[in-house]
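Here is the structure we will look at.
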Amino acid sequence: MSETIFTKIINKEIPADVVYEDDLCLAFRDINPQAPVHILIIPKKNMPRLNDAGEADEGLLGHLMLAAHKVAAREGVADAFRLVLNNGAAAGQEIFHMHFHLLAGRSFAWPPG
Ligand code: AMP
């Protein structure tokens, strides 16, 4: 599978503003924040898109959601945040290493753009 810039962040080959890390995932601030709090939560496992996940990844996907909640709590935004996952280029995905965007600290419109 091809490496992305997120693989380099996981391997500490390039720096990132890491706010949370455990055995399975890493969370770091987005370099181009779209809200006062904008953090990316990524699995350490190489998984280009959510639809590359299989049954064996069920636990990992739940782990990422709980990590998002944990990070939101640490950032003091657990009461109101938006969790976004872009799956595929047409949905806005630019980096093909699956990730959640945790956004908070402002109000958000619905439907999203
Ligand atoms: P997506 O469009 O869903 O693939 O989101 C990719 C996100 O990664 C964008 O919000 C970028 O601003 C962010 N990004 C790209 N490179 C870096 C980096 N080196 N460190 C932190 N965030 C990054």
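Not measured: the values here are computed from a predicted model. Both ligands and their constituent atoms are indexed starting at 1 by order of listing.
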With the threshold set at under 4.0 angstrom, would you say [X] reaches ligand 1 through any of its heavy atoms?
{"X": "F96", "result": "no"}
{"X": "A16", "result": "no"}
{"X": "R29", "result": "yes"}

Checklist entry - Distance-only, no hydrogens or angles: does the Q93 side chain make a donor-acceptor pair with backbone N or O of P48 under 3.5 Å? => result yes
Checklist entry - Side chain of D57, backbone of G54: donor and acceptor closer than 3.5 Å? => result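 Here the side-chain-to-backbone pair exists.
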Checklist entry - If you round to the nearest 0.5 Å, how far is CD1 of I39 from CG of L26? => result 11.5 Å
Atoms of ligand 1 close to [X] [distance to a heavy atom under 4.0 angstrom, numbered from 1]:
{"X": "N32", "value": "12 (O)"}
{"X": "F28", "value": "21 (C)"}
{"X": "G92", "value": "1 (P), 2 (O), 3 (O)"}
{"X": "E94", "value": "1 (P), 2 (O), 4 (O)"}
{"X": "F6", "value": "8 (O)"}
{"X": "H101", "value": "1 (P), 3 (O), 5 (O), 7 (C), 10 (O)"}

Of all the heavy-atom pairs spanning [X] and [Y], show the shortest one and how long it is.
{"X": "N87", "Y": "L50", "answer": "OD1-N, 2.9 Å"}
{"X": "M98", "Y": "L64", "answer": "CE-CD1, 3.5 Å"}
{"X": "R82", "Y": "P112", "answer": "NH1-CB, 4.2 Å"}

Checklist entry - Hey, would you say the H97 and H99 ring centroids sit under 6.0 Å apart? => result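 No, the ring of H97 stays outside the 6.0 Å limit from the ring of H99, centre to centre.
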Next on the checklist: Between F6 and F28 (judged by ring centroids, cut-off 6.0 Å), do the two rings come close enough to count as a pair?
Outcome noted: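 When the ring centroids of F6 and F28 are compared, they turn out to be within the sub-6.0 Å range.
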Is there at least one pair of N or O atoms, one from [X] and one from ligand 1, spaced under 3.5 Å apart?
{"X": "Q93", "result": "no"}
{"X": "I31", "result": "yes"}
{"X": "L40", "result": "no"}
{"X": "H38", "result": "no"}

Next on the checklist: Out of I14, L103, I95, who is nearest to atom 15 (C) of ligand 1 when you count heavy atoms only?
Outcome noted: I95
Item to check | Which residue and heavy atom of the protein sit nearest atom 9 (C) of ligand 1, plus the separation | outcome: D30 OD2, 3.3 Å
Checklist outcome for this item: atom 1 (P) of ligand 1 has as its nearest protein heavy atom H99 NE2, 3.2 Å
Item to check | Salt-bridge criterion met for D22 and K44 (N-O under 4.0 Å) | outcome: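 Result for this pair is no, no salt bridge flagged.
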Next on the checklist: Taking K70 first and then E75, would you say they form a salt bridge - that is, a charged N and a carboxylate O separated by under 4.0 Å?
Outcome noted: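 Here K70 does not pair with E75 in a salt bridge, since their nearest N and O are not under 4.0 Å apart.
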Checklist entry - Counting only heavy atoms not in N51, do more than 12 sit closer than 6.0 Å to its CG atom? => result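 Yes - once you tally the heavy atoms of other residues, nucleotides and ligands closer than 6.0 Å, there are more than 12.
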Checklist entry - Is it the side chain, the backbone, both or neither of F100 that has a heavy atom closer than 4.0 Å to ligand 1? => result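 It is neither part, as no heavy atom is under 4.0 Å.
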Next on the checklist: Heavy-atom distances under 4.0 Å decide this one: backbone, side chain, both or neither, for V84 against ligand 1?
Outcome noted: neither
